[in-house]
Amino acid sequence: MGRIVAAFGVAHAPQILAAPETEDQAQLAAVHAAFESMRQTLVARRPEAFLIIGNDHLESFFLDAFPALAVYTGLRCEGSFGRYTYAFPVHEALSSALLHEAIAAGFDLAFSQAAVFGHEFLVPMHFVLKGLDIPVVPIFVNGYVPPQPLPRRCYDFGAALARIIERRPESVAVMATGGLSHYPGTERYGNPDFEFDRRILRLVEGGGVEEIVAISAEELDAAGNVELRSWITLLGMIGKAPGTVLTYQPSWHHGYAMVSWDLT
Amino acid sequence: MDRLHYSYPSPHDYVFNKLLYALRMEKAARQRYLQDPEGFTAAYAIRPEQAAALRSMDPLKMGAAGAHPLLGFMAALLLKMDTESQKFTQY
């Protein structure tokens, strides 16, 4: 029977991989160490699929059609970042099953078989899938282009995905990529809301899922946490399991949060 | 806060966002823009204040003129990277 064997919430800022001089390198090293710890968890648990939930930054999709919720069902998850080019294999059977069965369960997903992937997927996968051959299943939850799905809907969607995985044969690791507070392209870019982040992390550690799900779309935007929808979707998959904060690094533009849930 | 940081993109700003999307996604488009900004922009029916914001390459001004914040931000950053250095600065 399908089982979720590991769950992670991570930051994905381009600076984590590009490591420019603008960054505090000790902070980046702490984030890298957390990614390596997650990679070691994958090595130990040997999941058969790696499901990653992210928010498109207007790269995979544009205003010709912008999905609220989507699953990628192409053969390879491809994209480039700086000098790196990636082509991760997709777990086609699982991604296709999630599409069909989520629709059957009342979640009207969009799908893509040719989306280009951006740093929100590629940066975390660069670190945690290094040297591993685990096929991926990318899920898109709209974070940046209002009107986005409500936090409650994201949570329910995650719960529906978990129910489908329970009926599947594969063991699955899940990752939410996003957050925490940052405001790219806006006047608040240099002023993240670290207090909001610390509240979220306290709730994550205490299994305070209901309070997180009750946060409004306006509050998420105000706190620079539109991407938290990825994490909320993941919480829907794993319920009230308490998370462990591997590191939280407040940088000049971003609250880098790295969380692991022990589901064993 | 009265206004969202990320708000619904108005269809009246679609063409401006499409221009920025081209700059964000295509290196060849950025090269054409850098060689001939006026010629590149002429292919898009954008408003004068949007053209002025584009010339400034200031993400906040582009946002005020209707750009999605991520598109103005990334177009400006990638143009800067293409012209100044291979290093990521203020990403």
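Residue numbers start from 1 in every chain, and the chains themselves are labelled A, B, ... in the order their sequence lines are given, proteins ahead of strands. Being a predicted model, the structure only gives us computed values, none of them experimental.
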Counting N and O atoms only, with roles assigned by atom type, does the side chain of A:Asp221 sit under 3.5 Å from a partner on the main chain of B:His5, one being a donor and the other an acceptor?
-> yes
Sub-3.5 Å donor-acceptor pair from the side chain of B:His68 to the main-chain atoms of A:Leu58, do we have one?
-> no
Given ring pair (Phe, Tyr, Trp, His ring centres under 6.0 Å), test A:Tyr189 with B:Phe73 step by step and report yes or no.
-> CA-CA 11 Å; A:Tyr189 188 52; B:Phe73 182 63; 5.2 Å; yes
Minimal non-hydrogen separation, B:Pro69 against A:Pro184, with atom names = CB-O, 4.0 Å
Tightest non-hydrogen contact, residues B:Pro9 and A:Pro146, listed as CD-O, 3.9 Å
Say you draw a straight line from [atom1] of [X] to [atom2] of [Y]; how long is it, rounded to the nearest 0.5 Å?
X       : Y        : atom1 : atom2 : answer
A:Glu59 : B:Leu71  : CD    : CG    : 9.5 Å
B:Leu4  : A:Thr186 : CG    : OG1   : 11.5 Å
B:Tyr6  : A:Asn142 : OH    : CG    : 13.0 Å

Candidate pair A:Phe62 and B:Lys18, rule side chain to side chain contact (heavy atoms under 4.5 Å, CB included), full reasoning | CA-CA 8 Å; A:Phe62 185 61; B:Lys18 192 168 174 62; 4.2 Å; yes
Heavy-atom neighbours of A:Tyr248 OH exceed 12 at 6.0 Å = yes
By a 4.5 Å heavy-atom criterion (distance strictly below it), what part of A:Arg188 contacts chain B: side chain, backbone, both, or neither?
-> side chain
